[in-house]
**Student:** 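Structure below; questions to follow.
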There are 2 protein chains.
Amino acid sequence: MTALRSYGDPCGIARALDVIGERWALLIVRELLFGPKRFTDLREALTGVSPNVVSQRLRELVAAGVVGRRKEGGRVYELTPWGLDLHPVLVALGKWGARSPARPKGRLSADALMVALESTFVPAQAADLRATYELRLGHRRFSVEVDRGAIAIGSGAPRRPDAVVATDPGTLRRLVFGDRRLAGAPVDVRGDSRLARRLFRVFARPRPAEA
Amino acid sequence: MTALRSYGDPCGIARALDVIGERWALLIVRELLFGPKRFTDLREALTGVSPNVVSQRLRELVAAGVVGRRKEGGRVYELTPWGLDLHPVLVALGKWGARSPARPKGRLSADALMVALESTFVPAQAADLRATYELRLGHRRFSVEVDRGAIAIGSGAPRRPDAVVATDPGTLRRLVFGDRRLAGAPVDVRGDSRLARRLFRVFARPRPAEA
DNA sequence: CGGTATCCAAGCCGATACTG
DNA sequence: CAGTATCGGCTTGGATACCG
């Protein structure tokens, strides 16, 4: 029952930080960007966080109007419209952070990877591409629509994907940001595999800012 | 000599937070957006922060490559190119935070106000406006250039401003976001006062997200 | 001016245990 | 499944005092 501490600063940035500046808060928001999740899903996506802390952050975010709770076969948490407006902010922040010289090793959550794709999408590299993809990462399904310079990622499988890529976040990450060879990778590609390979090239590998 | 704690998450957002997620860090960046500052300037702009914390944050930000230190008649801190790339992120975050239902009362720093202007600028409301302003807030000088749908704010006075507005941050804030009457306000307007008044109308008053 | 030293309180981590 | 309760240990933040 902690009263959340405020900067007491009327600036918009400070007020934003009053709401989403506490530790783990923004990562919880990240995990909710593409759809509702349960408490347990959040816990396992955010490795190393105590249930205690998740619980408190959720309470604060709900109180602030960023997150809502619903009952849908158990409780689920989801972003409010205002919370959803953090999406572009997180994409921009992720784009900036991807250039950090520090590179922690660890697992990437499926949702974090999706934000990373949005952050690194290069419109010019997709100027002549128009395709719909289904990404399967574990039990999660995402739709990725590339439409000549624009990208839209949503949760849930698209109706008629041109290609389906099934793998795990780590492998997809490598295929997009690292070594792009498909051979031998634990990936299952169906549909138009040329288009699938094309997808891996519309994202830029972030270049670290020089120290 | 604290090793900064990391989320240990390779996601760009988490890596960004590793660098600028600690308390006060982003507000220090905000204060440096429009130019270098001294330790003491930072202390007084950020009301309620201990010198202790400013010192530690600066050390961390310097170590991370966000801030640089120079000697220029005393030490000054300034954003590195990478740090400067946080500018659009902060503008977006400020835009979001300005809609928070919570409204702390307190003083607005001059730099915070400048970011607020950028955050709330409405291109459509300036479609037919082209003017250069000088804003004087205490001893600080800023240039504001509005060029038909675009705004650019810089520190330091412009060469040939169309209008000069001298006041304090609180008053300017009211003139822009609140009651726009000039009468009786502690403001000194010189040059084209019609253009000056016009400036107050190219920004939107943020509407709070419904709780 | 530009910080460091010290101390205290609060918060987070991590584990574990427990409940509706 | 979805959390709350509690506890120890440690880390941070906040306040004040102080020093080159």
Side-chain angles (χ1 to χ4, degrees), chain A residues 1-9 14 17-28 31-32 35-64 67-78 104 106 139, chain B residues 1-9 14 17-29 31-32 35-64 67-78 104 106 138-139:
Chain A
M1 194 63 51
T2 314
L4 31 153
R5 61 188 168 177
S6 163
Y7 284 105
D9 184 331
L17 293 175
D18 283 346
V19 173
I20 46 76
E22 294 291 325
R23 195 165 171 78
W24 295 106
L26 218 44
L27 295 187
I28 289 177
E31 288 302 317
L32 297 177
K37 280 193 177 169
R38 307 164 181 286
F39 187 90
T40 313
D41 298 330
L42 290 171
R43 270 201 70 181
E44 84 183 71
L46 306 173
T47 60
V49 69
S50 315
N52 204 344
V53 173
V54 177
S55 179
Q56 183 173 338
R57 283 301 160 270
L58 283 173
R59 239 178 294 129
E60 292 164 357
L61 289 171
V62 168
V67 167
R69 11 188 331 166
R70 266 190 357 215
K71 271 174 222 147
E72 181 192 71
R75 274 210 212 307
V76 293
Y77 295 88
E78 67 185 345
H139 61 95
Chain B
M1 197 63 48
T2 313
L4 31 154
R5 63 184 167 182
S6 164
Y7 285 106
D9 183 330
L17 293 175
D18 282 346
V19 173
I20 47 77
E22 296 291 325
R23 193 163 173 77
W24 295 107
L26 219 43
L27 294 187
I28 288 177
V29 172
E31 289 301 318
L32 296 177
K37 279 194 178 168
R38 309 167 179 285
F39 187 90
T40 312
D41 298 330
L42 290 171
R43 270 201 70 181
E44 84 182 70
L46 305 173
T47 60
V49 68
S50 318
N52 198 348
V53 173
V54 177
S55 178
Q56 183 172 338
R57 283 302 158 269
L58 282 173
R59 238 178 294 129
E60 292 164 358
L61 289 170
V62 168
V67 168
R69 22 190 318 169
R70 266 187 0 211
K71 271 174 224 149
E72 183 193 67
R75 274 206 215 308
V76 293
Y77 295 88
E78 66 185 346
H139 60 96

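Side-chain atoms are counted along with the backbone in the values below, which use heavy atoms only and exclude waters and symmetry mates. Chain A is the first sequence line, chain B the second, and so forth, proteins listed ahead of strands; every chain is numbered from 1. Keep in mind that what you see is a predicted model, and the values were worked out from it rather than measured.
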**Student:** Start with the C-alpha gap between A:Arg57 and A:Glu22, add the side-chain angles, then the distance that decides, and say whether side-chain contact (heavy atoms from CB on, under 4.5 Å) holds.
**Tutor:** CA-CA 8 Å; A:Arg57 283 301 160 270; A:Glu22 294 291 325; 3.4 Å; yes
**Student:** Specify the separation, in whole Å, of atom CD of A:Glu60 and atom P of C:dG11.
**Tutor:** 10 Å
**Student:** Can you pull out the residues from residues 37-47 of chain A that lie within a 4.0 Å heavy-atom distance of DNA chain D?
**Tutor:** A:Arg38, A:Phe39, A:Thr40
**Student:** What residues in residues 67-75 of chain B put a non-hydrogen atom under 4.0 Å from any atom of DNA chain C?
**Tutor:** B:Arg69, B:Gly74, B:Arg75
**Student:** Specify the separation, in whole Å, of atom OH of A:Tyr7 and atom C1' of D:dG14.
**Tutor:** 13 Å
**Student:** Between atom CG of A:Leu61 and atom CD1 of A:Ile20, what is the distance when rounded to the nearest 0.5 Å?
**Tutor:** 9.0 Å
**Student:** To the closest 0.5 Å, what do you measure between CH2 (B:Trp24) and CD (B:Gln56)?
**Tutor:** 14.0 Å
**Student:** Drop me the distance from A:Leu58's CG to A:Tyr77's OH, to the nearest 0.5 angstrom.
**Tutor:** 5.0 Å
**Student:** So, does B:Ser50 use its side chain to make a donor-acceptor pair with the main chain of B:Asn52 at under 3.5 Å?
**Tutor:** no
**Student:** Let me know the distance between CG of A:Leu58 and C1' of D:dG3, rounded to the nearest Å.
**Tutor:** 10 Å
**Student:** Can you check the A:Glu22 CD to C:dA10 P distance for me, whole Å?
**Tutor:** 15 Å
**Student:** Between P on C:dG11 and CZ on A:Arg59, what's the gap in Å once rounded to a whole number?
**Tutor:** 13 Å
**Student:** State, to the nearest 10°, the angle formed by the axis through the first five base pairs of the helix from C:dC1-D:dG20 to C:dG20-D:dC1 and the axis through its last five.
**Tutor:** 50°
**Student:** Starting at atom CG of B:Leu17, determine the distance to atom P of C:dC12, rounded to an integer number of angstrom.
**Tutor:** 15 Å
**Student:** Working to the nearest 0.5 Å, report the span between CG of B:Asp9 and CG of A:Leu46.
**Tutor:** 8.0 Å
**Student:** Rounded to the Å, how far apart are B:Asn52 CG and C:dA10 P?
**Tutor:** 17 Å
**Student:** Think A:Arg23 forms a cation-pi with B:Tyr7, using NZ or CZ under 6.0 Å from the six-ring centre and within 45 degrees of its axis?
**Tutor:** yes
**Student:** Report the C-alpha separation of B:Val76 and B:Lys37 in whole Å, then their side-chain angles, then the decisive distance to 0.1 Å, and conclude whether the side-chain contact (heavy atoms from CB on, under 4.5 Å) test is met.
**Tutor:** CA-CA 5 Å; B:Val76 293; B:Lys37 279 194 178 168; over 6 Å; no
**Student:** Tell me the interatomic distance from A:Trp24, atom CH2, to D:dT12, atom P, rounded to whole angstroms.
**Tutor:** 14 Å
**Student:** Working to the nearest 0.5 Å, report the span between OG1 of B:Thr47 and CD of B:Glu44.
**Tutor:** 11.0 Å
**Student:** Looking at every non-hydrogen atom in both residues, tell me the closest pair between A:Val49 and A:Arg43 and how far apart they are.
**Tutor:** CG1-O, 4.3 Å
